[in-house]
Amino acid sequence: MTSSRLYLRFLRRFSTATGIDSQTTAYPGAITMSKAKSKLRKVQDPDKALAIYKSASNNSTSPLSSRYAMELTVQRLAKSQRFSDIEALIESHKNNPKIKTETFLSTLIRSYGRASMFDHAMKMFEEMDKLGTPRTVVSFNALLAACLHSDLFERVPQLFDEFPQRYNNITPDKISYGMLIKSYCDSGKPEKAMEIMRDMEVKGVEVTIIAFTTILGSLYKNGLVDEAESLWIEMVNKGCDLDNTVYNVRLMNAAKESPERVKELMEEMSSVGLKPDTVSYNYLMTAYCVKGMMSEAKKVYEGLEQPNAATFRTLIFHLCINGLYDQGLTVFKKSAIVHKIPDFKTCKHLTEGLVKNNRMEDARGVARIVKKKFPPRLVTEWKKLEEKLGLYSKGNAAAVSSSSQTREVLDQEREDDV
DNA sequence: CTAGGGTTAG
């Protein structure tokens, strides 16, 4: 279920916001914003996230890192459908004198977008006159971003038509156009996005590498490979400053073909002076996975300095598909230690596989980690699965302690909590 | 002191 749908459901149930103070405890000791960020990344519990954020929010710090910390906090709250808390948190920033600067206010608009609360984002945008904040393309772009993150693709073209007319200080720029392009791509209309691109060329608005990348990815995803290839050629001929992300989009498509094709493209990347990154290697790993070459896939994983959440999700999922639950368990433990455990479906696969192989103790070990790491809503869901699998039914109840392997992971967790 | 938009779902 998307967070925007959850939000709509929430709206039907509640009409007023509640304060956040009654529900949170102060986090002991002030910490720096960068410390807060690294703590926030590890924490899923929305109350802990709020407490960490509050303990850092009063320190003098760069707007960029405080924005990031706020967005992390908002995302944690959103996962638990704590929309009134999100509102209270974001609205509390209106007391900051910086609210009169457009960049600061735009950050708040974007944060609402992170929680799929587009109506709140819009309300903040409309309040700008009252707050005395100038309104230019900066806040307009923030509003478009909030719209995209709220999955309201069809509203972006609408805003694009109406707002520059309504507010004479708003002139869409290359980034506004980039988001218009993305809205069409997200709604599965890359042709329409191509039209906008041509339109930009006529109007003399720069088509950035990011806009190109958006369209390229959409063409590939919609199976328009020939169109994608000719767009790529066009980009190269124009002398576009190619970067990792655009190559990664090409690798995404190559991964559907073969590992060899991926390696070929990665070599091309290197030859133009780019260094394949974790995302690039993830596509190589994926290419091996879809061919069932799991030992090759694992080699790619083991060679990674910084495997990310997608690395773990993809590898564990495919190990499970291939019945390699033991290896899946090992990789899962690794993912837990670095706070990047896979999604619900993958964890479910793994646990079911372990149960099927009578590895009840290991299955319970996975379950314990999952319950510690998932947001509350998913934990509820997870407990239903445990019930169904009979994870703690009699006969299994004797061994309530988790296996020594998974206990190590949880011990590590406790150290992190201090 | 000029942000902000793009890539991984099996």
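When the side-chain nitrogen and oxygen atoms of A/Lys182 are compared with OP1 and OP2 of B/dT7, one or more of them lie within a distance under 4.0 Å. Note on A/Lys221: a side-chain N or O is less than 4.0 Å away from OP1 or OP2 of B/dT8. At least one side-chain nitrogen or oxygen of A/Arg313 sits closer than 4.0 Å to the OP1 or OP2 atom of B/dA9.
Across all strands, A/Val290 comes closer than 4.0 Å to no nucleic acid atom at all (heavy-atom distances). If you check every strand for non-hydrogen atoms under 4.0 Å, A/Ser106 touches nothing. At a threshold of 4.0 angstrom between heavy atoms, the contacts of A/Asn244 with the nucleic acid are absent. At a threshold of 4.0 angstrom between heavy atoms, the contacts of A/Val279 include nucleobase atoms, whether or not backbone atoms are also involved. Within the 4.0 angstrom heavy-atom criterion, no nucleotide atom of any strand lies near A/Leu148.
In this structure, A/Leu231 places its CG atom 15 Å from P of B/dT7, rounding to the nearest Å. Remark: C1' of B/dG6 and CG of A/Leu219 are 13 Å apart, rounded to the nearest angstrom. Rounded to whole Å, atom C1' of B/dT8 lies 12 Å from atom NE2 of A/His318. For the pair A/Lys291 NZ and B/dG10 C1', the computed distance is 14 Å after rounding to whole Å. Here the P atom of nucleotide B/dT8 and the OH atom of A/Tyr220 are 14 Å apart, to the nearest Å. Across the protein-nucleic acid pair, A/Phe140 atom CZ and B/dG5 atom C1' stand 13 Å apart, rounded to whole Å. Rounded to whole angstrom, the span from the CE atom of A/Met235 across to the C1' atom of B/dT7 amounts to 12 Å. Atom C1' of nucleotide B/dA9 and atom CE of A/Met285 are separated by 13 Å, given to the nearest angstrom.
The base of B/dG5 is paired with the side chain of A/Thr208 by a donor and an acceptor separated by under 3.5 Å. The base of B/dT8 sits with one of its N or O atoms less than 3.5 Å from a complementary donor or acceptor on the side chain of A/Asn308. For A/Asp243 against B/dG6, a side-chain-to-base donor-acceptor contact under 3.5 Å is present. Not a single donor-acceptor pair, N or O on each side, falls under 3.5 Å between the base of B/dG6 and the side chain of A/Thr214.
A perpendicular orientation is assigned to the rings of A/Trp382 and A/Phe374, their planes being inclined by more than 60° (bins at 30° and 60°). A/Phe160 and A/Tyr177 have perpendicular rings, their planes meeting at more than 60° on a 0 to 90° scale where under 30° would count as parallel.
Across B/dG10, B/dG5, B/dT7, the shortest atom-to-atom separation from the side chain of A/Tyr283 is found for B/dT7. Listed nucleotides: B/dG5, B/dG10, B/dT7. Nearest to the side chain of A/Ile210: B/dG5. Taking the side chain of A/Ala310 as heavy atoms from C-beta on, and the options B/dG10, B/dT7, B/dT8, the nearest nucleotide is B/dT8. Set against B/dT7, B/dG5, B/dA9, the side chain of A/Met179 has B/dG5 as its closest nucleotide. Distance from the side chain of A/Thr245 is smallest to B/dT7 among B/dT8, B/dT7, B/dG5.
Under a cutoff of 6.0 Å and an axis angle of 45°, A/Lys192 and A/Tyr184 form a cation-pi pair.
Between the A/Asp173 side chain and the A/Ile175 main chain, a donor and an acceptor come within less than 3.5 Å of each other.
Between A/Phe140 and A/Phe125, a ring centre-to-centre spacing not shorter than 6.0 Å is recorded.
Listed here is the closest heavy atom pair of A/Glu91 and A/Tyr112: OE2-OH, 2.6 Å.
A/Phe212 does not qualify as a stacking partner of the B/dG6 base, lacking a centre-to-centre distance under 5.5 Å together with planes within 30°.
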